[in-house]
Engineer: 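Below are the C-alpha cells for one structure; questions will follow.
Keep in mind the model is a prediction, meaning the values are calculated, not measured. Chain identifiers are assigned alphabetically (A, B, ...) following the order of the sequence lines, protein sequences preceding nucleic acid strands; residue numbering begins at 1 within each chain.
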Protein chains: 2
Amino acid sequence: MARKAAYHHGDLRRALLDAALAQVEDEGVAALSLREVARRAGVTHQAPYHHFADRAALLGALAAEGFGLLLRSMQTAQAAVKSGARARLVAAGKGYIDFALAHPGHFRLMFRPELHQGAQVPEGGAAYQVLVDSVAAAQAAGEAPGGPPGALVTLCWSVVHGFALLWLDTQLSTETTRKDAQAGTLAMLDALLAGAAPGAGSGTKRR
Amino acid sequence: MARKAAYHHGDLRRALLDAALAQVEDEGVAALSLREVARRAGVTHQAPYHHFADRAALLGALAAEGFGLLLRSMQTAQAAVKSGARARLVAAGKGYIDFALAHPGHFRLMFRPELHQGAQVPEGGAAYQVLVDSVAAAQAAGEAPGGPPGALVTLCWSVVHGFALLWLDTQLSTETTRKDAQAGTLAMLDALLAGAAPGAGSGTKRR
DNA sequence: GCCGCGATGTAGACGCTGTCAAGTTGGACC
DNA sequence: GGTCCAACTTGACAGCGTCTACATCGCGGC
C-alpha cells in the first residue's frame with residue numbers, strides 16, 4: 001500500500017528509479033551517477049537521499065524490480081507451452097534469456113552484488129524456484145536424466161545465464177543472429193536432456 | 001625486444017599492473033582508482049599516464065594478461081587427462097572454472113568490455129580455439145552428440161562461464177562447497193554429453 | 001667528453017562524483 | 001490557524017580521472 005510521496009514532486013522515488021533505469025540501459029551502470037539521475041528527474045543532487053540511503057540502495061531497488069521482471073518473463077514463456085515437462089523447463093530458460101537480452105543493463109546490474117550490497121530480493125528466490133520446480137517436474141516425468149536434482153538445476157541455470165552474458169559481453173555476436181543462437185543453444189540443451197533421459201523421449205524439435 | 005623502462009623507477013608499467021591487479025582482486029574493479037594504484041607503486045598520480053592512455057587502457061592490459069592465464073589454466077587441466085576426447089573437453093571446462101574461481105576480480109574484469117573499450121586479445125581467441133577443437137575432437141570420436149558443432153561449443157562455454165559467474169555473484173555458495181558444486185556440474189555435463197552421444201559411452205563417473 | 005632531446009616522473013588545476021550538514025518549504029493534522 | 005515533520009534545497013568537502021605545464025634522467029650523436 002505505501003501511499004507515500006505526492007508531496008512536492010508527486011512520486012520522486014518512482015521518477016528516480018525510472019530515470020536511473022533509463023540511464024543504466026543506455027549508458028551502462030558504470031556511467032550512472034546519482035547527480036545525473038537527479039538532474040533527469042528535475043530535482044537537486046541531494047533529493048535522492050530522502051528516498052535512498054546511498055547509491056547502492058538505489059541500485060538495490062532497481063535490482064529487486066529486475067528480478068520481478070525476470071520472474072514474469074520466465075512465467076510468460078512457460079505459459080506459452082502446454083506439451084511436455086522438459087519443454088516447459090526449456091521455455092523457462094527461454095524466458096530467462098529473453099529478459100536478459102531485452103534489458104542488458106538491468107540484467108547485468110542484478111548480478112553485480114557488489115553494487116547493491118546484499119539487497120535481498122524475494123523475487124530472485126521465486127525465479128529460482130520456477131527453475132527448481134521445472135527440473136523436478138521434468139525428472140519426475142522421465143523427460144530429463146536422473147541424478148542429483150541440484151546438479152541439474154545448477155547446470156540448466158548456468159547454461160542460460162552463461163549464454164546471456166556471453167552474448168552480451170563478448171564478440172560471440174558475430175556468428176549468427178541473436179534469435180538463431182538462442183534457439184540453437186536451447187535446442188541443444190533440449191536434445192542433451194532428452195538423450196540422457198531414462199525414458200526414450202524424442203527431442204521436441206529436431207531439424 | 002621491449003627492454004623498456006629501468007629509467008627512474010625500474011619497471012613502472014609492470015609495477016602498476018601488479019598493483020592494479022592486487023587491488024582488483026581484493027577490492028573489486030569498481031573500487032580501483034588510478035590514483036590509488038599510483039600510490040601503491042610509490043609514484044605521483046600522473047605517472048601512470050606515461051604508460052597507459054587512460055584507465056580503460058590499464059584495465060585492457062590487465063584483461064589481456066588474464067586471457068593468457070585463462071588459456072594456460074585450460075591447457076594445464078587438459079594436460080592432466082590422457083583418456084578420452086570427451087574427458088579432455090570436460091577438463092578444459094574445469095580449467096576455465098578453476099581460473100575464474102581462483103581469480104574472481106581478474107576474471108570478471110575480462111568479461112566487462114565496457115571497462116576496457118574493445119581491447120583486442122589474441123589469447124582470448126586461442127582459449128576459444130581450445131574449446132572449439134575439443135568439441136570437434138569429441139564429436140569426431142563419437143563421444144559427444146552430433147548436431148551443429150557451433151551450438152555445442154556455445155552450450156559448453158555457456159555452462160562453464162555461467163557456473164563461474166553464478167558461483168561468484170550469487171548466494172549459490174550456501175549449498176555445498178566449491179569443489180563439490182564444480183565437480184557435480186561438470187559430471188552432469190559429462191553425463192549429458194555421454195547420454196546423447198551417438199556411440200554408447202558410459203558416463204565417466206556415476207555414483 | 002659533452003650536449004641535446006625524448007622518455008619518465010612531478011606539480012597543480014578543473015570539473016565531475018558521492019556524501020555530510022544545515023537551512024527552507026509546504027501539506028497534514030489537531 | 002498554528003505546529004510539525006517529511007520533502008526538498010543550498011553549500012561544502014574530499015576523492016576521482018584527466019588536462020597542461022614543468023623538472024629530471026640517461027642514451028646517442030657529435
Engineer: Expressed as a whole number of angstroms, how long is the span from E36(A):CD to dG15(C):P?
Structural biologist: 18 Å
Engineer: What's the spacing between F163(B) CZ and W167(B) CH2 if we round to 0.5 Å?
Structural biologist: 6.0 Å
Engineer: Does a side-chain N or O from R39(B) land closer than 4.0 Å to OP1 or OP2 of dC16(D), or not?
Structural biologist: yes
Engineer: H51(B) NE2 to dA7(C) C1': how many Å, rounded?
Structural biologist: 9 Å
Engineer: Select from R55(B) and H45(A) the residue whose nearest nucleotide in DNA chain D is closer to the 5' end of that strand.
Structural biologist: H45(A)
Engineer: Map A47(B) and A56(A) onto DNA chain C by nearest heavy atom, then report which one ends up closer to the 5' terminus.
Structural biologist: A47(B)
Engineer: Please state how far atom CG in L12(A) lies from atom C1' in dA7(D), giving the value in whole angstrom units.
Structural biologist: 9 Å
Engineer: Could you tell me if the side chain of L101(B) sits less than 4.5 Å from the side chain of F107(B), heavy atoms only?
Structural biologist: no
Engineer: OP1, OP2 of dG9(C) versus side-chain N and O of T44(B): anything below 4.0 Å?
Structural biologist: no
Engineer: Measure the distance from CD on Q23(B) to C1' on dC16(D) and round it to the nearest whole Å.
Structural biologist: 12 Å
Engineer: Quickly work out the L32(B) CG to dG15(D) P distance and round it to whole Å.
Structural biologist: 17 Å
Engineer: CG of L34(B) versus P of dC16(D): gap in Å, rounded?
Structural biologist: 10 Å
Engineer: Counting only side-chain N and O atoms of Y49(A), is one of them less than 4.0 Å from OP1 or OP2 of dC20(C)?
Structural biologist: no
Engineer: Among the nucleotides dT17(C), dC8(D), dC16(D), which one has an atom lying closest to any side-chain atom of H50(A)?
Structural biologist: dC8(D)
Engineer: Ignoring hydrogens and geometry beyond distance, is the side chain of R35(B) in donor-acceptor contact with the base of dT18(D) at under 3.5 Å?
Structural biologist: yes
Engineer: Can you find a pair of side-chain heavy atoms, one from T154(A) and one from L166(B), that are under 4.5 Å apart?
Structural biologist: no
Engineer: Any idea how W157(A) and Y128(A) line up, ring-wise: parallel (<30°), tilted (30 to 60°), or perpendicular (>60°)?
Structural biologist: tilted
Engineer: Return the CZ to CZ distance between R72(B) and F67(B), rounded to the nearest 0.5 Å.
Structural biologist: 15.5 Å
Engineer: Rounding to an integer number of Å, can you tell me how far L115(A) CG sits from dG18(C) P?
Structural biologist: 13 Å
Engineer: Roughly, in whole Å, what's the span from CD in Q46(A) to C1' in dG18(C)?
Structural biologist: 9 Å
